[in-house]
Structure formats: structure tokens, C-alpha cells
There are 2 protein chains.
Amino acid sequence: MTHPDDSCLKRRGRPRSFDRAAALEQAMLLFWRQGYAGTSIADLTLAMGISPPSLYAAFGDKERLFLEALDRYQGDVLSSAAQIMAQAPSARAAVLAVLRATADRLTRPDLPRGCMAVTSAMNCGEEFSHLAEELTRRRKASLQRLCDRLNQALAEGELPDGTDISALATFYQTVAQGMTIQARDGASRDELLATVDAAMRAWPGGNEAQHDPQPADAIG
Amino acid sequence: MTHPDDSCLKRRGRPRSFDRAAALEQAMLLFWRQGYAGTSIADLTLAMGISPPSLYAAFGDKERLFLEALDRYQGDVLSSAAQIMAQAPSARAAVLAVLRATADRLTRPDLPRGCMAVTSAMNCGEEFSHLAEELTRRRKASLQRLCDRLNQALAEGELPDGTDISALATFYQTVAQGMTIQARDGASRDELLATVDAAMRAWPGGNEAQHDPQPADAIG
DNA sequence: CAGGTTCTGTATCAGTTGCTACGAAATGGG
DNA sequence: CCCATTTCGTAGCAACTGATACAGAACCTG
């Protein structure tokens, strides 16, 4: 499943005159800001600096362009989350670190607010319901990764026996998704971090011994 | 600020041949399900059972119809929340009851999933940014009402001195907003209620003495 | 009844939507 | 060089968007 220009082979015919990756980046930013239905081909071609035929030749159609932009978006987000989870010394630290990174990510001053995977197909007509379902599928996949980590913690004794792992993972995903709405409403990074701290008070087994270090300033 | 047919005065000319309130209800349901941008005039006229000129004569234009549908939506939701808050014996009970009612409201089998005030203008182009801002304003108003109740609890000693009321209210609003995404993704009422229980563990001062009664089954 | 008023359906308006036909331009292979 | 191949910009497609002009129909007042 590779894209038409992934190969380094010499291609016959007139070479492409624009940077496909850069154009995809612009498309991603537009879909992120305005959603799938709210972004027109005219918007896209203007931002990408190409004409409609070039867009269709390079990306197929609007829907495939959206999915590719979504892949581009999630590529960064998911690998970052995986790395944070891998480095965390405990499940609690992993959840805290991921939520803090989320607070940072959702309020970057130079990027659209909120999570593209949450906002970009929230309300589209029924003719695009399969897009909404695709985003739902991806959110469920994220939930599953969190469940896996929490189940590991349960097996290692970090979490009390009988802890409802699915409910706990769902709770933290719910908080993270709510933070997207807050970010869209103008919440600052610090406000989101305060919500993260509140959410961590719900960690099973109490928080008597917990002294979470302050989050490092965002460096990018 | 009244609508053209609020009066009970006898009106001259041909009487309206459709039920304005019922038509508004259908419009609300469509905007709720598909959002502002995702709902066309054709969709609306079909669902409302009227022709475009009747729609424009009765409701102004699409934007004013949307705002009126939003008022219709929030009328029920906000009065219900206010009543629940008024009846609750404590701030904690109020937050719990409102969140449980929210879990119920977001997963009604016969109504669209999620909160219309969150989803209906989440991603529209910049030409409708004032609609998104209007919804943001209403969400901030809801937050303010929650802050007021929590400040009252602080004054009454229910909450520890030094409690960050704004942060606490924002946390619970964030959870409620995240529940909208979960509901859209198919979460059941019980799953949302489990998230509510998790969120209540974050209530300041610990939960050692708290034994929240089970929520009553929804009766409509 | 006549006159004024308001609503109704048909039939559209100009503008935008996603998308593409077409021929010119730019490359590599022979 | 000539040709096949690929991309380019222009220009435009049918369908849909939000919103209306128009004429006829239905009501009240007189």
C-alpha cells in the first residue's frame, strides 16, 4: 500500500512541479482547522498552491486526500504517544505524561486547536458517515492501546485487583477528548494541565503518595 | 425579542398551514445530527415538510433557524440542569446528578447522540466562525453556572479552602464534553455512567465517606 | 362582494460544490 | 530528432448551495 510517488525510480513524462509532502501538509492543516465538509476543493487548491487536476492526479479525490492527511496527522501524534508510553516508568506515569503531552499538543500556538481525529468529521451528512466511522475506529484503536497498557499494570500489581480497566481507559480518553473542545474554546495549555491534574486524582487506589513533577515546558 | 408568531392576536391574511413548533423540532433534530454546515436547506425543507419560501418566511434564514433550533435544544437541557442543581443537597451531589443526567441525555435511543451545543458547529469554515463563537459563548455560560455553584460550596465549607473552583468546574465540563464524543462513538449509557463515577473520584478532599446511590433508571 | 394581507408551491436565481475534458508543456526513451 | 508518457493550466461540467420572484390561494376587514 504505497503512494504513487513513493519510489525513487526515474519517472517518464513531465515531472511534478510541486512538493507533494508540503502540499499534503497544507491539506492536513486545512482539514484540521475546518473539518472535511467545511473544506472545499477550492480551499485546498489555494492553500496547496496547485490546480484541481494536479490535486486529483496526486491524491485521488477529496476523500482519499483527507484520509492521507489524517494518516500524516496521526503519524506524529501516535508515534509520540507510543514513545511517551514506552518511556514511562509506570502506567500512571504513562497516562499522566500522555495527557500532559496532549494538553501541549492541543494548544500549540502555530497549529489548529484541538485534535483533528476528533473534530474533522464530527458533523457531516450521512453521505460521509463512513468517514465518521473511520475516525471512530481510530479512536477505538487508541483506546485499545491504553487498555493494553493498563492491563499490563494490572498484571504487574500497579493497579488493584478488580480494577475495571476498560472503564478507567475510557475515562481518560473521555478527558482527553473533552480537552479538544476546551482547546477549541480557547483554553490555555495551563488550563488543560490543571484539568489533567484533576483527572489524575481519579486514579485508582488514591493519590496519597503521589507527587507528580511539574511538566517540562514545551520545547516542540 | 419575540418571534413573528408569538402573539395570540388574530392575524390577517392566509394562515400558516404547518405547525411552526413541530417544524422547528425537525430542524433541531437535523442540525443536531448533521451540524450546521452538514445540513442543507433541502434537507431541512424535506424534514420539516415545507417549501423553501415557507421556511424563509417563518424563520428568516438558515442561520436564524439554526440559532432558534439551538434555543429550542438548550431550553430543555438547561432548565433540566438548573432543576437538578437546585434539588441537589450539596455541590458534589449536584455535579454527580448533572453528569448522570448528561450520560442519560447523550445516549437516548430515539434522539441524536451527543450534545448539539458541542457538535453542531464544531468544524465549519471561517465564514461561519461567528456561529462557532456563539456556541463557545454558551458553553462558557454553562461553565459559569457550575462555577457559581462551586463557589457557593466553597463559601459553605463543603469544599476545602484554597480549592481552585475554576479548574474544578472546567474539569467536570471537560468530562461532560468528552462524553459527547464517546456517545457519538457508540458508548452506552452505562459506559458513560462509569466514566461519571471515575470523574467523581477526583472530587477534592477524597471520597472515603462517599457512597453514591445508583442512578435511577431513565424514565424519560 | 372587493381590497388588502399573508401564506403556498413552482420555478428559478447566481454562486459554489466536487470533479474532469482538453490541449499545451515538459520530461525520458528510442 | 520523434514519440510516448506524465503533468500542467484553463475552462467548464452537472449537481447542489442558500435564497427569491412570481402568481395564485386563503384568510380578515369592510
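Per chain, numbering begins at 1; letters A, B, ... match sequence-line order. Small disclaimer: the values here were computed from a predicted structure and weren't measured.
Residues passing the salt bridge (Lys or Arg N to Asp or Glu O under 4.0 Å) test with Asp185(A), sequence neighbours excluded: Arg139(B). Not a single salt bridge (Lys or Arg N to Asp or Glu O under 4.0 Å) links Glu191(A) to another residue, sequence neighbours left out. For Tyr73(B), the ring-ring contact (aromatic ring centres under 6.0 Å, His included) partners two or more places apart in sequence, or in a different chain, are Trp32(B). Phe171(A) is linked by a ring-ring contact (aromatic ring centres under 6.0 Å, His included) to nothing, counting only residues two or more places apart in sequence or in another chain. For the ring-ring contact (aromatic ring centres under 6.0 Å, His included) test, no residue two or more places apart in sequence or in another chain qualifies with Phe59(B). In this view, Arg145(A) satisfies the salt bridge (Lys or Arg N to Asp or Glu O under 4.0 Å) rule with no residue, not counting sequence neighbours.
Contact of the Asn151(B) side chain with the Leu154(B) side chain is registered, since non-hydrogen atoms from C-beta on lie closer than 4.5 Å.
One can find a donor-acceptor pair under 3.5 Å joining the base of dA25(C) and the side-chain atoms of Arg14(A).
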Can you pull every protein N or O that's under 3.5 Å from an N or O on nucleotides 9-12 of chain C?
residue : atom : partner  : partner atom : Å
dG9(C)  : OP2  : Ser51(B) : OG           : 3.2

Quick test: give all pairs of protein nitrogen or oxygen and nucleotides 16-18 of chain C nitrogen or oxygen below 3.5 Å, distance rounded to 0.1 Å.
residue : atom : partner  : partner atom : Å
dT17(C) : OP1  : Ser40(A) : OG           : 3.4
dG18(C) : OP1  : Thr39(A) : O            : 3.3
dG18(C) : OP1  : Lys62(A) : NZ           : 2.7
dG18(C) : OP2  : Ile41(A) : N            : 2.5

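We find that CG of Asp19(A) is positioned 12 Å from P of dC8(D), with the value rounded to whole Å. Atom CZ of Arg20(B) is separated from atom P of dC7(C) by 11 Å (rounded to the nearest Å). Note: CZ (Arg12(A)) to P (dG29(C)) measures 8 Å, nearest angstrom. Here dA26(C) presents its C1' atom at 15 Å from CZ of Phe18(A), a figure rounded to the nearest Å. Between Met48(B) atom CE and dT8(C) atom P the separation is 11 Å, expressed in whole Å. For Arg16(B) and dC28(D), the CZ to P distance is 15 Å, given to the nearest whole Å.
Across the interface with DNA chain D, nearest-nucleotide mapping of Gly13(A) and Pro15(B) shows Gly13(A) to be the residue nearer the 5′ end.
Counting only residues at least two apart or in different chains, salt bridge (charged side-chain N to carboxylate O under 4.0 Å, His left out) contacts with residues 76-85 of chain A comprise Arg72(A)-Asp76(A). Within the structure, the salt bridge (charged side-chain N to carboxylate O under 4.0 Å, His left out) test picks out the following pairs touching residues 48-63 of chain A (sequence neighbours left out): Asp61(A)-Arg64(A).
Side chain to side chain, Gln152(B) and Asp148(B) fail the donor-acceptor criterion of an N or O pair below 3.5 Å.
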Please output the side-chain donor-acceptor pairs of residues 43-50 of chain A that fall under 3.5 Å, not counting sequence neighbours, one pair per line with the distance.
residue  : atom : partner  : partner atom : Å
Asp43(A) : OD2  : Ser40(A) : N            : 3.2
Asp43(A) : OD2  : Ser40(A) : OG           : 3.2
Thr45(A) : OG1  : Ile41(A) : O            : 3.1
Thr45(A) : OG1  : Ala42(A) : O            : 3.0

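Five base pairs at each end of the helix from dC1(C)-dG30(D) to dG30(C)-dC1(D) define two local axes, and these are offset by 0° (rounded to 10°).
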